[in-house]
Peer 1: 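A single structure is presented below for examination.
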Number of protein chains: 2
Amino acid sequence: MSSRDSAPPGAARLPVTVDVVALTVADGALQVLLVTRLVEPFRGALALPGGFVLPGETLPQAAARELAEEAGVEPPGHLEQLRTYGPLGRDPRGPVLTVAHLLLAPAFGVLAAGSDAERAEWVRVDELAGRSLAFDHARILADGVERARAKLEYSTLATAFCGAEFTVAQLRAVYEAVWGTRLDPRNFHRKAISTPGFLEETGRVTRGGTGRPAVLYRLGPAAGRAAGLDPDDAPASVPAVLNPPLMRPSAP
Amino acid sequence: MSSRDSAPPGAARLPVTVDVVALTVADGALQVLLVTRLVEPFRGALALPGGFVLPGETLPQAAARELAEEAGVEPPGHLEQLRTYGPLGRDPRGPVLTVAHLLLAPAFGVLAAGSDAERAEWVRVDELAGRSLAFDHARILADGVERARAKLEYSTLATAFCGAEFTVAQLRAVYEAVWGTRLDPRNFHRKAISTPGFLEETGRVTRGGTGRPAVLYRLGPAAGRAAGLDPDDAPASVPAVLNPPLMRPSAP
DNA sequence: CGTCTTCGTGTCAACCTGACGATAAGGGGT
DNA sequence: ACCCCTTATCGTCAGGTTGACACGAAGACG
């Protein structure tokens, strides 16, 4: 018998949460926003920011609200859905479905925790090896990092880690931090410049830094800018303009 | 205040469904399994097979059960999660969360609908242009097809459409059907053969067909075979062994 | 005015792709 | 047995892309 009847007979009504893997690049390293849990279960453990979806909320809205509550700011950057986990075997209190999201953003400061808010902080991903997270958040984080690494290969998403204007060297630093590798500056420069629609010259250059000044670019027309908090968060929102892709080096 | 308390205060408990984009290649075309709805809403309309998640079920279990109920068979092939579609604005009865899945399988027969079961049938994707599906299933289907097209580029998933043993020409036919393009048989053969770990010779050849007999292959060791109904459906279950990828031709 | 540092351009071999010719190996008709 | 048709597999070759690396450009600093 078909089970899409108007009144689901034995259908489960599940509590639904959103968890956010918020990544940024700072100090030359990939960092993730984590909170210290103040309540059971997993009290005192590190966890991804997140919480229950409220009635009348869309998923991106819930993700943005939780980020705002726990980091204290309206986060910029690119937000996309990552994957759904559950509902069994991931919360000791019972079945819970969680829709994980991925946020790629320029470094932004987190508000010091006020009163009962969970304390949020940036943690270097490479220093999390071995440390355990609450729930199944270690796996969700691993999936998010892998998604980010893969997306840099064939999309222009690396620019989501940069500000509005950036140099080719800053963009390269993003790739190096996310992939954990070193890239040849000259070859990277050639690929970035020669990819049509990737970078758009602003006409301005950096000033005051050490070494020769660098030309400033912004994200070119080929990429759909500002996927931001698009309520209809399209999966193909970032087109694959890097064709052929910029591949991460496999073996050293 | 943090909202991951043990008793969610105003947290929504949502009905959750799974919908399955089941794709196969038959008659040289990409086809999708659709059912005709027998109940409101969208009575009489075409829809993806799917239904409510039952208590105590995992998501892949629910997807497999719905497929079995509506197609009448235990489907083989590769099942993976596609994406979750938000609770708002997609079902006239109210908020419903649906976790869409993607099944890539060799052609299998669907049981003629028994009694009250919805009638399931294979429909060519290219003949669906313009026709509308129930709920937001048109968009889910589009996302699933796009995911399948993209995955063929850098993974060995095309073999999920084939049986245990197949020829290079059959594999090429899968690419041509999914991408809707023609590929040069000689260049495709070279790429498929020269990719390490992709194909493994069985030592046997086809018999009886027209033309020169072809060598039979099976999926090589580089790919994690049988992602099937893995309860812990890993997202990175299919490694990117096609490096550099096999790119679909862009513009003629 | 050197020197240091980083930015940007050029060069070159190795590799990969797309286009396409050539050969191999069956089946079917005469 | 032979020709012909079809499909599979192997080669060849020009053009584009990558990785490695030399070299000039342009500011900061002593």
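Both backbone and side-chain heavy atoms feed into the values below; hydrogens, waters and symmetry mates do not. Here is the naming used below: chain letters follow the sequence lines, and residue numbers restart at 1 for every chain.
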Peer 1: Find the distance N243(A):CG to dT18(D):P and express it as a whole number of Å.
Peer 2: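 Checked: the CG to P distance equals 10 Å.
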Peer 1: What is the distance, rounded to the nearest whole Å, between atom CG of L171(B) and atom C1' of dT9(D)?
Peer 2: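 Checked: the CG to C1' distance equals 16 Å.
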Peer 1: In this structure, how many angstroms lie between the P atom of dT9(D) and the CD1 atom of I193(B), rounded?
Peer 2: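 I193(B) atom CD1 is separated from dT9(D) atom P by 7 Å.
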Peer 1: By salt bridge (Lys or Arg N to Asp or Glu O under 4.0 Å), which residues pair with R186(B), not counting sequence neighbours?
Peer 2: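 D184(B).
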Peer 1: Tabulated below should be each protein N or O lying under 3.5 Å from an N or O of nucleotides 13-18 of chain C; please produce it.
Peer 2:
residue	atom	partner	partner atom	Å
dT17(C)	OP1	K191(B)	NZ	2.9
dG18(C)	N7	R190(B)	NH2	2.8
dG18(C)	O6	R190(B)	NH1	2.9

Peer 1: Please name all residues satisfying salt bridge (Lys or Arg N to Asp or Glu O under 4.0 Å) with R182(A), sequence neighbours left out, ordered by chain then number.
Peer 2: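 So R182(A) forms a salt bridge (Lys or Arg N to Asp or Glu O under 4.0 Å) with E176(A).
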Peer 1: Using every non-hydrogen atom in the two residues, find where L242(B) and L152(B) come nearest and quote the distance to one decimal.
Peer 2: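 What the structure gives for the nearest pair is CD2-O, 4.0 Å.
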Peer 1: Where do N or O atoms of nucleotides 25-29 of chain D meet protein N or O atoms at under 3.5 Å, pair by pair?
Peer 2:
residue	atom	partner	partner atom	Å
dA25(D)	O4'	R212(A)	NH1	3.4
dA25(D)	N3	R212(A)	NH1	3.3

Peer 1: Working to the nearest 0.5 Å, report the span between CZ of R172(B) and OG1 of T167(B).
Peer 2: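 Atom-to-atom, R172(B):CZ and T167(B):OG1 are 8.5 Å apart.
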Peer 1: With the side chain counted from C-beta on, respond yes when E121(B) and T36(B) share a heavy-atom pair under 4.5 Å apart, and no when they do not.
Peer 2: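 Contact flag for E121(B)/T36(B) side chains = yes.
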Peer 1: Going by distance alone, is a donor N or O of one side chain under 3.5 Å from an acceptor N or O of the other, for Y85(A) and D19(A)?
Peer 2: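 Short answer, no.
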Peer 1: Quick one: pull up NE2 in H137(B) and CG in D143(B) and give me the separation to the nearest 0.5 Å.
Peer 2: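 One gets 12.0 Å once the value is rounded to the nearest 0.5 Å.
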Peer 1: In the structure I gave you, are the side-chain heavy atoms of Y175(A) and F161(A) within less than 4.5 Å of one another anywhere?
Peer 2: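 Heavy-atom side-chain distance check fails, nothing below 4.5 Å.
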Peer 1: I need the CZ-C1' distance between F188(B) and dT7(D), as an integer number of Å.
Peer 2: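 Rounding to the nearest Å, CZ of F188(B) and C1' of dT7(D) are 15 Å apart.
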Peer 1: Mind running a 4.0 Å heavy-atom check of residues 177-186 of chain A against DNA chain D and sending the residues that fall below it, in number order?
Peer 2: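 When residues 177-186 of chain A is checked for heavy atoms under 4.0 Å from DNA chain D, the hits, listed by number, are D184(A), R186(A).
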Peer 1: State which residues pass salt bridge (Lys or Arg N to Asp or Glu O under 4.0 Å) with E153(B); sequence neighbours excluded, sorted by chain then number.
Peer 2: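 With neighbours one apart ignored, the set is R248(B).
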Peer 1: Using 0.5 Å steps for rounding, measure from the CZ atom of R83(B) to the OG1 atom of T84(A).
Peer 2: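 Reported value, rounded in 0.5 Å steps: 9.0 Å.
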